[in-house]
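Below is one structure, written out as structure tokens; the observations come after it.
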Amino acid sequence: LLGKKTLSKDILEELETILFSADVGTKTTQALLRVIEEKLGRSELKDNDTVREALKDEIYKMINLGESEYKYEKHKPCVIMIVGVNGVGKTTTIGKIAARLNQKGKKVMLAAGDTFRAAADEQLEVWSKRSDAMLVRGQPGQDPSSVIFDAVKSGVARDVDVILADTAGRLHTQQNLMEELKKVRRTMEKAHEGTPHEILLVLDATIGQNAVNQAKEFNDALGLTGIALTKLDGTAKGGIIIAITNELKIPVRYVGVGEHIDELKIFDPSEFVEALFS
Amino acid sequence: SLTSKLEETFRKLRGQGKLNEKNIQDALKDVRMSLLEADVNFKVVKQFIQDISERSIGTEVMKSLTPGQQFIKIVHDEMIRLLGSEEDTALDLAHKPPVVIMVVGLQGSGKTTTCGKMAYMLKKQKRRPYLVPADVYRPAAISQLKTLAKQIGVDVWDTNPEDDPVDVVEAALSYARKNGYDTLIVDTAGRLHIDEDMMAEITDIKEALDPKEILFVADAMTGQDAVQVAKTFNDHLSITGVVLTKMDGDARGGAALSIRSVTGKPVKLVGMGEKVDRLERFYPDRIASRILG
Ligand SMILES: Nc1nc2c(ncn2[C@@H]2O[C@H](COP(=O)(O)OP(=O)(O)OP(=O)(O)O)[C@@H](O)[C@H]2O)c(=O)[nH]1
Ligand SMILES: Nc1nc2c(ncn2[C@@H]2O[C@H](COP(=O)(O)OP(=O)(O)OP(=O)(O)O)[C@@H](O)[C@H]2O)c(=O)[nH]1
Ligand SMILES: [Mg+2]
Ligand SMILES: [Mg+2]
């Protein structure tokens, strides 16, 4: 007799503005608002604060997978493969992680797996110096798999704690390049059993819905175990990770908040949710 | 696809003769969802839907096309109109040499690569371009542009990481003028639109160069943030055009509409790959179809 209970038009519009503007996406926004409409009572749905708090809780549940930073002590050497599309911040994030591990007394090695892009190895070399990490690099145009194979072998021999393997940026739509990445992964296993222990996808917070495609494709190809969300120091909110963590169950490990070596934070779901609504 | 969704929506319009506010509500909703999924900015979508609504109300539902197809044609044509006509997408190079092209944008958008591509393109057009690395911050940025310059056989200024970018561009411009280069392509550091110091720097670089082209380089997969970023860069610099990079991916590219909408400036070039020859002119009809899905 009363009809389906729904959010008031004003509250709905306000929330859509917040969520759409944060790149949460239409599907996820609609799903979230539907959950709120089912959960809350008729009078609660008219109260802005109650609705907002309920929404924050729902988002928190979707992004809190209970495990932020990877436990690098689990393996020695612990081998991490860093992947993602062009320009998202892979190389810079590796430098930051290396510095963080170095500060904790870990012996870190970087593998210059981008043998394609102009000055990619030089860029990683600067980061290796800044983070006091070892560097293994190859020749320009060399098969990235062979560079990474050498790095893993060398890291094992030199009793390194963590090996961070950089790879060239590539679009998930480039079949041959995705195959190249699968080969890199297989090669790591050949160099040292059980590796890579972590495959980290780097996503740029300024990217829109294409991030979901990226996550799906890289996950299908490699099996991702973590995400690093960069450039959150800008005005983009990175709402795309809500759908990604909820659907693919891949935890966000880190957030990048600047171009400097110390501008890396461990992902904090409640902080992320607050920032969405600020 | 949007077309099939609209066909379904318009099946109910049979025999209604004219499009009116009431019968196109569902159709507008379909378009709205599709544009949001394509990353067109939320506010830009709102305005676009309003324009479409005004344009299509009263239109005869033509007998030659089904209502769905006709409606899509209205939407498509409106989008192409908004994305800009094809004439103003040429680079403005008809000036006393050396003509300066300055490239700006967020971190990682593809500026350095685009500078290399433009130098390659201009060299093929029998021009004598000169590349200037003005990014002294990013590790190996200077080396990256120098490597590209060497690959394509174009001369490049020997910037040092300790140099001041304003001094660099002034010296390079003067050198280019004295040595007969007709085009100066200046690569700048990626920067946040909210970084006051860096926005002040880019304004100083602009003043030192008096560029005829200030190209805002944006990643085709940019989301809702495209509006804020583009507006700020445009407010500070009065950009003359936009380059959309990484269009060889499957991003719908709604940022193109957002950026054009908020700046009024044309998309001039499109990056279609990592290699130096992967730069194309912008074709509004191609991206319109892509955004609409
Ligand atoms: N503001 C900001 N900039 C960042 C952040 N992370 C990386 N960057 C910048 O983004 C740009 C690209 O970073 P890279 O590390 O080269 O990205 P990449 O993914 O390795 O790029 P490719 O190897 O070319 O695919 C650089 O200018 C970095 O300084 C961040 O968290 N905030
Ligand atoms: N697939 C594809 N990749 C591109 C395109 N344009 C640039 N890239 C890649 O995007 C990444 C970033 O390019 P850069 O030229 O370093 O970007 P940038 O804007 O100079 O970066 P910063 O100087 O750090 O701000 C590199 O891996 C490029 O090869 C394009 O049109 N398509
Ligand atoms: Mg890199
Ligand atoms: Mg650059």
Side-chain angles (χ1 to χ4, degrees), chain A residues 16-27 29-30 85-92 95 116-127 129-130 140 168-174 177 204-211 213-214 217 230-231 233-240 256 258-259, chain B residues 32-43 45-46 106-113 116 137-151 189-195 218-229 232 245-246 248-255 273-274:
Chain A
E16 277 190 343
T17 303
I18 294 172
L19 297 175
F20 286 149
S21 309
D23 287 311
V24 175
T26 56
K27 238 177 84 217
T29 298
Q30 285 170 345
V85 303
N86 310 72
V88 294
K90 299 177 291 300
T91 307
T92 306
F116 170 76
R117 207 208 68 213
D121 52 352
E122 274 179 70
Q123 183 187 8
L124 192 63
E125 181 177 28
V126 173
W127 285 109
K129 292 203 178 101
R130 287 179 180 178
R170 72 207 60 223
L171 298 178
H172 50 290
T173 48
Q174 292 167 308
L177 296 183
D204 183 330
T206 66
I207 302 172
Q209 298 311 304
N210 197 251
N213 300 34
Q214 294 173 23
E217 293 300 324
T230 62
K231 308 179 197 172
D233 46 316
T235 48
K237 305 269 179 154
I240 39 101
E259 301 192 70
Chain B
R32 179 177 182 250
M33 282 302 126
S34 185
L35 293 180
L36 286 172
E37 283 162 24
D39 293 321
V40 179
N41 181 271
F42 179 66
K43 293 205 179 83
V45 173
K46 212 172 184 181
L106 291 178
Q107 292 87 348
S109 59
K111 299 175 292 301
T112 305
T113 307
Y137 309 100
R138 168 174 155 153
I142 297 164
S143 179
Q144 185 184 0
L145 193 62
K146 281 185 175 171
T147 302
L148 289 174
K150 188 150 175 266
Q151 281 175 10
R191 70 201 62 225
L192 293 180
H193 52 303
I194 53 172
D195 185 332
D219 198 320
M221 34 184 139
T222 309
Q224 297 289 309
D225 201 39
V227 159
Q228 293 194 56
V229 180
T232 309
T245 62
K246 308 173 205 173
D248 44 315
D250 60 356
R252 295 268 295 275
E274 293 192 76

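Values below: all heavy atoms of this structure, side chains included; hydrogens, waters and symmetry mates excluded.
Using a 4.5 Å cut-off between heavy atoms, Glu259(A) touches chain B through its side chain atoms alone. Heavy atoms closer than 4.5 Å to chain A are found in both the backbone and the side chain of Asp248(B). With a 4.5 Å cut-off on non-hydrogen atoms, Gln144(B) touches chain A through its backbone and its side chain both. Both the backbone and the side chain of Asp233(A) have a heavy atom closer than 4.5 Å to some heavy atom of chain B. Of the atoms belonging to Asp23(A), heavy atoms from both backbone and side chain fall under 4.5 Å from chain B. Looking at Leu106(B), the atoms closer than 4.5 Å to chain A (heavy atoms on both sides) all sit in the side chain, from C-beta outward. For a residue to count as touching a neighbouring chain, one of its non-hydrogen atoms must lie under 4.5 Å from one of that chain's; by this rule Arg252(B) does not touch chain A. The parts of Glu37(B) that come within reach of chain A are both its backbone and its side chain, each placing non-hydrogen atoms under 4.5 angstrom from that chain. With a 4.5 Å cut-off on non-hydrogen atoms, Val88(A) does not touch chain B at all.
Taking every heavy atom of both residues into account, Lys246(B) and Leu171(A) meet most closely at O-CD1, 4.5 Å.
With salt bridges taken as basic N to acidic carboxylate O contacts below 4.0 Å, one links Arg32(B) and Glu16(A).
The structure places NZ of Lys146(B) at 9.5 Å from CD of Glu122(A), a figure rounded to the nearest 0.5 Å.
The main-chain N or O of Ala251(B) is never found under 3.5 Å from a side-chain atom of Asn213(A) such that the two would form a donor-acceptor pair.
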